[in-house]
Amino acid sequence: DRVTSIINWTPSDGKKHYEMVILGIEADAPDTEHSSGRLLCMSAKQAGSGADLDVKPKYVKKFPGQPIYSLCPYDISSLLVGAGNDLVMMHLDVGARKWQQVAKFALPSPAAGLTTRGSLIYAATMHHSMEIIECIKGKLAMHSSDLQARNANSIITCHNGTAIVSSASTDRKSVV
C-alpha cells in the first residue's frame, strides 16, 4: 500500500470541530492494473502535556478499483476525494459523527491535484489538464475546462480567480 495524499482537516458544524488527519491510499491488488483505494480518517489529539499526538482511526472507506490520488477540504465539513477517474464528495455530520457520500462526478482522467474557491472545484487531471467543476445545491456539474491535453499534477487558485496548473507536459510548458 502507498500513501498517495495526506491532509490535516478540521471539519466543523459551527459549534463542534475535530482535528483529523486524512490519508488517501493506493492498495495493490493481485492484478496490478486494478489497484484499489482507501480513505482513512483519523482523529488527532494532543496526548497530555507532551508533544506526542494520540492518533486513532475513526473512519475507513474502500474504493474498489479506484486508487485515491488527491484530497481536498470543501466547505466546513465536506471532503473531496479524487478516486480513480471520479471526484467524490464526502460529508461528515460532525454532531452525529456520520459520514455519507453526497455527490460524484466522472472526470476524463484521475485528479492528481484538487483545490477550491467558493463553489468551484479545480481539478488538475493526469491527462486532460484543468477541469473546473461547480457544486450547485449539493450536485457536481462541469463548469469549464482549459481543453489542453497535458499531464497536470498540481493546481492552485489565486485571489483574482486565476488558476495556476503545473504539469509534466512534453511541450515544455511547465506552468500555465
Side-chain angles (χ1 to χ4, degrees), residues 1-13 18 20-29 31-42 57-157 163 165 167:
D1 293 0
R2 285 174 297 289
V3 173
T4 55
S5 51
I6 184 169
I7 62 170
N8 180 34
W9 185 44
T10 308
S12 175
D13 64 1
Y18 295 99
M20 301 184 86
V21 175
I22 311 295
L23 298 174
I25 297 171
E26 180 179 7
D28 285 334
D31 174 6
T32 56
E33 296 212 7
H34 296 95
S35 57
S36 293
R38 276 198 313 268
L39 178 68
L40 177 59
C41 305
M42 301 175 292
K58 293 295 185 180
Y59 178 76
V60 176
K61 178 170 176 58
K62 294 180 180 181
F63 291 86
Q66 296 181 293
I68 294 177
Y69 295 104
S70 53
L71 299 168
C72 181
Y74 184 81
D75 206 13
I76 62 171
S77 60
S78 293
L79 184 67
L80 298 168
V81 181
N85 283 8
D86 290 334
L87 175 63
V88 178
M89 183 180 287
M90 304 290 298
H91 177 74
L92 173 62
D93 180 331
V94 175
R97 294 187 221 168
K98 299 283 183 191
W99 283 90
Q100 67 178 12
Q101 180 177 314
V102 294
K104 188 180 196 180
F105 184 84
L107 295 166
S109 61
L114 294 168
T115 191
T116 64
R117 178 159 300 279
S119 66
L120 297 178
I121 301 161
Y122 296 78
T125 64
M126 291 182 181
H127 305 295
H128 298 84
S129 195
M130 182 176 62
E131 304 288 324
I132 303 172
I133 296 90
E134 189 167 15
C135 184
I136 304 168
K137 296 182 182 177
K139 301 212 184 280
L140 300 176
M142 174 58 77
H143 179 73
S144 62
S145 172
D146 72 351
L147 301 175
Q148 293 290 321
R150 60 174 80 87
N151 298 324
N153 53 34
S154 182
I155 189 166
I156 62 168
T157 56
V165 179
S167 71

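Each residue takes its place number in the sequence, starting with 1.
- Judged by distance alone, with hydrogens and angles left aside, the side-chain atoms of S78 form no donor-acceptor pair with the main-chain N or O of L92 at under 3.5 Å.
- Residue I121 comes nearest to M89 through the heavy atom pair CD1-CE, 4.3 Å, listed as atom of the first residue, atom of the second, then distance.
- Using a 4.5 Å heavy-atom threshold, the side chains of C41 and L39 count as touching.
- Looking at L87 and E131, their side chains never come closer than 4.5 Å, going by heavy atoms from C-beta outward.
- Counting only heavy atoms from C-beta outward, the side chains of S77 and D13 never approach each other to under 4.5 Å.
- In this structure, CG on L40 lies 9.0 Å from CE on M20, to the nearest 0.5 angstrom.
- Closest approach of L140 and C135 over heavy atoms only: CD2-CB, 3.9 Å.
- For the residue pair E26/S35, the side-chain donor-acceptor check at 3.5 Å is satisfied.
- Atom CZ of R97 has 12 or fewer neighbouring heavy atoms from other residues, nucleotides or ligands inside a 6.0 Å radius.
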query = Where do I133 and L107 land on the side chain to side chain contact (heavy atoms under 4.5 Å, CB included) test, with the steps shown first?
reply = CA-CA 9 Å; I133 296 90; L107 295 166; 3.7 Å; yes

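- Atom-to-atom distance recorded for T116:OG1 and I132:CD1 is 12.5 Å, nearest 0.5 angstrom.
- Taking CD1 of I25 as the start and CD1 of I6 as the end, the distance is 9.5 Å to the nearest 0.5 Å.
- Under a 3.5 Å cut-off, the side chain of T4 and the backbone N or O of G24 do form a donor-acceptor pair.
- Scanning both residues, P108 and N85, for their nearest heavy atoms gives O-ND2, 3.7 Å.
- Taking all atoms of both residues into account, the shortest heavy-atom contact from T125 to S109 is CB-OG, 3.3 Å.
- Taking the side chain as every heavy atom from C-beta outward, D93 and Q100 never approach each other to under 4.5 Å.
- Between the CE atom of M42 and the NZ atom of K58 there is a distance of 12.0 Å, given to the nearest 0.5 Å.
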What donor-acceptor contacts under 3.5 angstrom involve side-chain atoms of residues 59-76, with partners at least two apart or in another chain?
unit_1: Q66; atom_1: NE2; unit_2: A83; atom_2: O; d: 3.3
unit_1: Q66; atom_1: NE2; unit_2: D86; atom_2: OD2; d: 2.7
unit_1: S70; atom_1: OG; unit_2: A111; atom_2: O; d: 2.7

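- Considering OG of S144 and CE of M130, their distance stands at 6.5 Å, rounded to 0.5 Å.
- To the nearest 0.5 Å, the span separating OH on Y122 from CG on L114 amounts to 13.0 Å.
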